[in-house]
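For reference, positions follow the sequence shown, starting with 1.
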Amino acid sequence: MASSLLTTPSQTLAALTPAAARPRRTSQVSFSSPRRALRVRAAVAIEKEVPENEAPPTFLREDGAGAGSGSVRERFEGMIRRVQGEICAALEEADGSGARFVEDVWSRPGGGGGISRVLQDGNVFEKAGVNVSVVYGVMPPDAYRAAKGAAKNGAADGHKAGPVPFFAAGISSVLHPKNPFAPTLHFNYRYFETDAPKDVPGAPRSWWFGGGTDLTPSYLIEEDVKHFHSVQKQACDKFDPSFYPRFKKWCDDYFYIKHRNERRGLGGIFFDDLNDYDQDMLLNFATECAGSVIPAYLPIIERRKDTPFNEEHKAWQQLRRGRYVEFNLVYDRGTTFGLKTGGRIESILVSLPLTARWEYDHKPEEGTEEFKLLDACINPKEWL
């Protein structure tokens, strides 16, 4: 899911499989056929998560799943769990209400597990979720064939590939403040590996990174948007000056509500299937991006959390929240896949706000602050 919270095995598998193996946002027919829907449900025979009392030191196993090896798997898990703790602590401090994140820990019989943390109805945050998952097992063969091409998936005699061992890990968060002048934030960083199918000797191993951080304000305050984008650019520029313009456009294009002809928000960065650089470099890049969330977002929250507002401001925020709901339920790959494959509902929908609003044929008056925000969502701008 590119944008949904990585909290259940079905969502993780959907969000972290290569783009070629997933239903594209522009191809909504992927699940429209009853035959196709049944086939997908059969292919993703993913176990239900099991509640646990506390989080283990690692979700990896020592029997080849990466624990204690210094592998990218181990380092990525360590990073996302550290970032989860840091961000939750920073958000609790910013909220200032004494409210704390509620934690749910789950494991997956086939391998791995996750930690879901949610803060609800605080002083500053209406709802904040920061979740991690680390799952592994076997990947449906259809997904592997779609990713690699049918001609490359059989053995020399044309025999079809069997289930493919996979590993998927990610951190994802959506933060909805109460104040209409404080923006919503979403971020997600993930890592995926597949091993060669056991019945296809010599098949290559694959890995890739994906993720991004994007801002969804109800009111366009250029100082805030420029600050947010500048922090994203600084993180990108440490690795490749082409990253920010490339991933900024990718973000604008991905978070697009086609039926509204507008973007969900004012962008940020987004990338997927990234494996054309050194693996350690991309791990460091994902780490830098995840570490940039607090400096990109918390200064904006501190400036805006106590801004005076009236009922009209709140009503507009609720309308924009409606757009957020529409994108997540109609276009977000992880959310729609999770709902269609029996994922844990509370985990799938934790990205949604507590409240939202829809008004018939609402159009902000030209020249108003509301119109200014809508125009920027329809016509993406260069902020730096």
Side-chain angles (χ1 to χ4, degrees), residues 5 7 54-55 79-105 115-132 171-189 213-232 235 265-266 268 289-321 324-325 346-347 349-357 369 373:
L5 296 157
T7 53
E54 60 181 6
M79 183 273 284
I80 61 177
R81 292 183 66 170
R82 172 182 56 79
V83 168
Q84 182 187 43
E86 292 173 351
I87 289 178
C88 288
L91 294 175
E92 287 177 346
E93 182 178 357
D95 195 85
S97 63
R100 294 291 179 264
F101 279 87
V102 175
E103 178 177 283
D104 288 328
V105 180
I115 305 168
S116 301
R117 293 181 181 171
V118 179
L119 184 154
Q120 190 164 284
D121 205 19
N123 279 348
V124 173
F125 293 100
E126 178 183 285
K127 194 177 187 184
V130 188
N131 300 342
V132 298
I171 181 169
S172 188
S173 175
V174 178
L175 313 175
H176 293 293
K178 289 184 172 180
N179 194 300
F181 293 98
T184 285
L185 181 86
H186 160 257
F187 74 88
N188 171 284
Y189 292 98
T213 306
D214 63 285
L215 196 70
T216 306
S218 298
Y219 287 91
L220 199 172
I221 304 174
E222 290 202 13
E223 174 190 10
D224 295 347
V225 181
K226 288 180 178 180
H227 166 78
F228 175 80
H229 277 267
S230 70
V231 175
Q232 303 310 303
L266 301 184
C289 290
S292 74
V293 170
I294 292 175
Y297 185 59
L298 264 294
I300 299 173
I301 289 297
E302 292 298 332
R303 286 197 295 263
R304 308 303 168 197
K305 65 182 182 180
D306 297 319
T307 301
F309 62 88
N310 57 35
E311 291 183 4
E312 287 75 19
H313 296 136
K314 192 66 179 177
W316 174 247
Q317 180 198 46
Q318 298 298 290
L319 288 168
R320 295 310 304 172
R321 291 271 182 81
Y324 205 96
V325 171
E346 293 304 315
S347 297
L349 300 184
V350 73
S351 63
L352 302 181
L354 282 182
T355 58
R357 179 185 181 102
E369 290 301 310
L373 182 281

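- When all heavy atoms of A55 and I115 are compared, the closest pair comes out as CB-CD1, 3.6 Å.
- Side-chain atoms of T355 and E126 form a donor-acceptor pair, as typed in the model, at a separation below 3.5 Å.
- Side-chain contact check for Y189 and T213: at least one donor-acceptor pair (N or O, by modelled atom type) lies under 3.5 Å.
- Here the options are K127, H176, R320, Q317, the test is side-chain hydrogen bond (donor to acceptor under 3.5 Å, both in side chains), and the partner is T184; only H176 passes.
- The pair K178-D121 counts as a salt bridge, with a side-chain nitrogen and a carboxylate oxygen less than 4.0 angstrom apart.
- Judged as a ring pair (Phe, Tyr, Trp, His ring centres under 6.0 Å), and not counting sequence neighbours, H227 has no contacts.
- Residues satisfying the salt bridge (charged side-chain N to carboxylate O under 4.0 Å, His left out) test with K226, not counting sequence neighbours, are E222.
- Considering CD1 of I87 and CD1 of I80, their distance stands at 11.5 Å, rounded to 0.5 Å.
- Shortest non-hydrogen contact noted between C289 and S292 is O-OG, 2.7 Å.
- No donor-acceptor pair closer than 3.5 Å links the side chain of Q318 to the backbone N or O of R357.
- Partners of E223 by salt bridge (charged side-chain N to carboxylate O under 4.0 Å, His left out), not counting sequence neighbours, listed by chain and number: R303, R304.
- S218 approaches P180 most closely through the heavy-atom pair CB-O, 3.4 Å.
- Contact record, F228 with A296: CD1-CB, 3.9 Å, taken as the closest heavy-atom pair.
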Requested in this report: Run the numbers on V174 and F187 for side chain to side chain contact (heavy atoms under 4.5 Å, CB included), then give the verdict.
Outcome: CA-CA 7 Å; V174 178; F187 74 88; over 6 Å; no

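- Listed by chain and number, the residues in a side chain to side chain contact (heavy atoms under 4.5 Å, CB included) with P183 are L215, P217, Y297, I300 (sequence neighbours excluded).
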Query - Steps toward side chain to side chain contact (heavy atoms under 4.5 Å, CB included) verdict (S172, N131) - result: CA-CA 5 Å; S172 188; N131 300 342; 5.6 Å; no

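- One N or O on the side chain of S173 and one on the backbone of G129 form a donor-acceptor pair closer than 3.5 Å.
- The two residues P177 and I301 have their closest heavy-atom pair at CG-CD1, 3.8 Å.
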Requested in this report: Would you check, one step at a time, whether the test side chain to side chain contact (heavy atoms under 4.5 Å, CB included) holds for F181 with D224?
Outcome: CA-CA 10 Å; F181 293 98; D224 295 347; over 6 Å; no

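- Once rounded to the nearest 0.5 Å, the distance linking OG of S351 with CG of N188 reads 11.0 Å.
- Taking the ring centroids of Y219 and H313, they lie under the 6.0 Å cut-off.
- Residue Q120 holds its CD atom at 11.5 Å from CZ of F101, rounded to the nearest 0.5 Å.
- Closest non-hydrogen pair, P353 versus V325, comes out as CD-CG2, 3.9 Å.
- At a threshold of 4.5 Å between non-hydrogen side-chain atoms, the residues L266 and L373 count as touching.
- Each salt bridge (charged side-chain N to carboxylate O under 4.0 Å, His left out) pair with one or both residues in residues 82-96, not counting sequence neighbours, appears once here: R82-E86, E92-R100.
- Under a 3.5 Å cut-off, the side chain of N179 and the backbone N or O of T307 do form a donor-acceptor pair.
- One finds the CG atom of L91 at 7.5 Å from the CG atom of L119 (value rounded to the nearest 0.5 Å).
- Listed by chain and number, the residues in a salt bridge (charged side-chain N to carboxylate O under 4.0 Å, His left out) with E369 amount to none (sequence neighbours excluded).
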